[in-house]
Amino acid sequence: MRRESYMVVTRFPPSPTGHLHLGGARTALFNYLFAKKNGGRFILRFEDTDRERSKEEYVTSIISALEWLGLHWDEGPYFQSKRFELYQEYARRLYEEGKAYYCECSKDFLEERKKILQGHGLKPRYEGFCREKNLPPGPGRALRIKVSVDSEIVFEDLLRGKIVFPPDEVDDFIILRSDGTPTYHFAVVVDDITMGVTHVIRGDDHISNTPKQLIIYEALGVEPPKFAHIPMVLGPDGARLSKRHGARSILEYKEEGYLPQAVINYLARLGWGYGDQEYFTMEELIEKFDLSRVNLSPARFDPDKFLAINAYWLRAFSAEDIYPHLLPFISHYNLSKYPKEKQIEMVNSVRVRVKTLKELAEMIDFYFFDEVSFDESAKTKALRPELLPYLKAYMSEIEGLDFEDEKHLEAHFREFAERHSLKVKDLAQAIRVALTGKLISPPLFEVMRILGKVEVKRRLEKALQSI
RNA sequence: GCCCCCAUCGUCUAGUGGUCUAGGAUACUGGCCUCUCACGCCAGAGACACGGGUUCGAAUCCCGUUGGGGGCGCCA
């Protein structure tokens, strides 16, 4: 019989007990990239065997985060909660083959034994009380796998090479809870087998779990997949990611004005490098991603660098590409005030000055004001009374200027300043505040051109009245 | 406590025994540019955790120490 042609299959198996955070997103990304790079399939599977903690809202939020990032799955989403019969079938097989047995030990009793063992400085483990009892299934009985390992447990990690565990590392652990639901390790293995997963790329916090899963593969008589344990993402303080920093939902970064491209780029560079290259599009990542270049040590999340990468993509993309992402941030502005081409020009003029879409939106808000709202300190600083006569003179002169021509506006402005022995800077700042309400704005003549002659005159007049 | 993983500038990394007086990015400092703020450009400061080996030669290989991370559930 001919074997089916070899195809790479990876999966991302979040448990819907929280939002998708940076660590999870990076695991998803690496699995996605590896699959795409090798022309394989990428599966999404929700590990929701813990019905207590699993929430529908997290399923929804994880899915939209993945979609926003552009991490499209080829199969799924599967839900373990809908596959219980399958796990029970596999478990029954092990039981019938004598590779698993029912255990009637109570949780309290087990808890007590654990404490005693720990008290003796031993690793807490199940001591096999029910192993030889030959108990049939029954209420309150959990199914344990019979573990008899007489040599070291070894597996070849794609990144780290051989990883060796002592023979007594694993005890007779539970694969089916007393309520008949599967435990994590068992469900994962059955799923990976039935879904044809060839490469398991996951956080290195799973290294210590791998022996258990290897034992299940062995009992089931199935060749295990290849494993690649990638280092975890740590918080800026080097501790585990917590709510305070990176454990925030990916969707929160979306709301703060990060581009999906920036998130992908930042995540890719956390624990992976490609020479001196810093910026990658998804296409480039798919082309260049390689497990052998994945770092082995945990990486800290650095908000500054993340921001810098976002700022880079804000500059690198065209204003047209950025615009759709910006829309949600400016939707409450009076957008009908300007045609889309002018809005695009606004984006163009400020995108090098901001680091997020949110900041971008804030920087162009003045264009849409009916009444300029002044920053008081800016006003006192720049709109000084002694400038009043000059501003009036300037206002009367702009009547004859071509506002479509920035160069023309600027030339006249400089000439005007010189004629009145004014510093260009002083006059510019005064007009800037008059038009925008702020000390910081896009280049003045660009602002004037986009605003148009009528609006500029109107705003100048208003400002002069208030001095 | 037991077991596992890891170790280059503050941070992310390049580096796979000689090309390393260790490169890039970010953050920081100074300068240039300049109508503001940015962008950009130039310059500066900043690291191979420590101790033993192996080798003619080690950031690169081995061992130990220290430090960091993770696992040890009828959670995932």
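In the text below, chain A, chain B and the rest are named by the order of the sequence lines, each starting its count at 1.
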Practice item. Decide yes or no, distance alone: a donor-acceptor N/O pair under 3.5 angstrom between the base of B:C74 and the side-chain of A:T183. Key: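 Side chain to base: no pair present.
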Residues in salt bridge (Lys or Arg N to Asp or Glu O under 4.0 Å) with [X], at least two apart?
X: A:E320; value: none
X: A:R144; value: none
X: A:K107; value: none

Atom pairs under 3.5 Å: protein N/O with N/O of nucleotides 40-44 of chain B:
{"from": "B:G40", "atom 1": "OP1", "to": "A:R315", "atom 2": "NH1", "distance (Å)": "3.0"}

Exercise for review: Measure from the side chain of A:E47, starting at C-beta and using heavy atoms only, and say which of B:A76, B:U36, B:A38 lies closest.
Suggested key: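 Of the candidates, B:A76 comes closest.
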Review point. Among pairs that include at least one residue of residues 426-448 of chain A, which meet side chain to side chain donor-acceptor pair (under 3.5 Å), considering only residues two or more places apart or in two chains?
Key: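 Checked against side chain to side chain donor-acceptor pair (under 3.5 Å) - neighbours excluded - the pairs reaching residues 426-448 of chain A are A:D365-A:K438, A:Q429-A:R432, A:R432-A:S441.
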Can you name the atoms? Protein N/O to nucleotides 46-50 of chain B N/O, anything below 3.5 Å, with the distance.
none

Check your understanding: With respect to the phosphate group of B:C39, does any side-chain polar atom (N or O) of A:R351 fall under 4.0 Å of OP1 or OP2?
Key ->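 False: A:R351 side-chain N/O out of range (4.0 Å or more) of B:C39 OP1/OP2.
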Review point. OP1 or OP2 of B:C12 sitting under 4.0 Å from any side-chain N/O of A:R26?
Key: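 No, no such contact exists.
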Review point. At what distance, to the nearest 0.5 angstrom, does CG of A:D179 lie from CZ of A:R141?
Key: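 Here the rounded value is 15.5 Å.
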Point to revise | Under the side chain to side chain contact (heavy atoms under 4.5 Å, CB included) test, residues paired with A:E56 that sit two or more places apart | key: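 Side chain to side chain contact (heavy atoms under 4.5 Å, CB included) check on A:E56 returns A:V59, A:T60.
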**Study point:** Modelled atom types, side-chain donor and acceptor of A:R160 and A:H229, under 3.5 Å
**Key:**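 Side-chain D/A pair, A:R160 to A:H229: absent.
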Can you name the atoms? Protein N/O to nucleotides 3-5 of chain B N/O, anything below 3.5 Å, with the distance.
{"from": "B:C3", "atom 1": "O2'", "to": "A:E169", "atom 2": "OE1", "distance (Å)": "3.3"}
{"from": "B:C5", "atom 1": "O2'", "to": "A:R160", "atom 2": "NH1", "distance (Å)": "2.4"}

Review point. When all nucleic acid strands are considered with a 4.0 Å heavy-atom cut-off, which category describes A:T49: base, sugar-phosphate, or nothing?
Key: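 The residue A:T49 makes sugar-phosphate contact but no base contact.
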Review point. Is it true that A:E156 and A:K226 make a salt bridge, defined as a side-chain N closer than 4.0 Å to a carboxylate O?
Key: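 Looking at A:E156 and A:K226, the cut-off is not met.
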Study note, to complete from the structure: With B for base contact, S for sugar-phosphate-only contact and - for none (protein heavy atoms under 4.0 Å), nucleotides 59-64 of chain B reads ------
Using residues 165-172 of chain A as the side-chain source, report each donor-acceptor pair under 3.5 Å to any protein atom, sequence neighbours left out, with the distance given to one decimal.
{"from": "A:E169", "atom 1": "OE1", "to": "A:K123", "atom 2": "NZ", "distance (Å)": "3.4"}
{"from": "A:E169", "atom 1": "OE2", "to": "A:K123", "atom 2": "NZ", "distance (Å)": "2.9"}
{"from": "A:D171", "atom 1": "OD2", "to": "A:Y126", "atom 2": "N", "distance (Å)": "2.6"}
{"from": "A:D172", "atom 1": "OD1", "to": "A:V147", "atom 2": "N", "distance (Å)": "2.8"}
{"from": "A:D172", "atom 1": "OD2", "to": "A:Y101", "atom 2": "OH", "distance (Å)": "2.6"}
{"from": "A:D172", "atom 1": "OD2", "to": "A:R131", "atom 2": "NE", "distance (Å)": "3.3"}

Check your understanding: Once you round it to whole Å, what is the distance between P of B:C74 and CG of A:D108?
Key ->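 To the nearest whole Å, that distance equals 13 Å.
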Check your understanding: Starting at NZ of A:K114 and ending at C1' of B:C74, how long is that distance when rounded to a whole Å?
Key ->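 One finds 11 Å between C1' of B:C74 and NZ of A:K114, rounded.
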Report all interatomic pairs (protein N or O, nucleotide N or O of nucleotides 21-30 of chain B) with separations under 3.5 Å.
{"from": "B:G23", "atom 1": "N2", "to": "A:D276", "atom 2": "OD1", "distance (Å)": "2.8"}
{"from": "B:G24", "atom 1": "N2", "to": "A:E278", "atom 2": "OE2", "distance (Å)": "2.8"}
{"from": "B:G24", "atom 1": "N3", "to": "A:E278", "atom 2": "OE2", "distance (Å)": "3.4"}
{"from": "B:A25", "atom 1": "O4'", "to": "A:E278", "atom 2": "OE2", "distance (Å)": "3.0"}
{"from": "B:A25", "atom 1": "O2'", "to": "A:K305", "atom 2": "NZ", "distance (Å)": "3.2"}
{"from": "B:A25", "atom 1": "N3", "to": "A:K305", "atom 2": "NZ", "distance (Å)": "2.8"}

Could you list the donor-acceptor pairs under 3.5 angstrom formed between side-chain atoms of residues 294-302 of chain A and any protein atom two or more places apart in sequence or on another chain?
{"from": "A:R300", "atom 1": "NH1", "to": "A:P236", "atom 2": "O", "distance (Å)": "3.3"}
{"from": "A:D302", "atom 1": "OD1", "to": "A:D304", "atom 2": "N", "distance (Å)": "3.1"}

**Study point:** Mate of B:A27 where both pairing distances stay under 3.5 Å, Watson-Crick or G-U
**Key:**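 None - no nucleotide pairs with B:A27, as no candidate has both distances under 3.5 Å.
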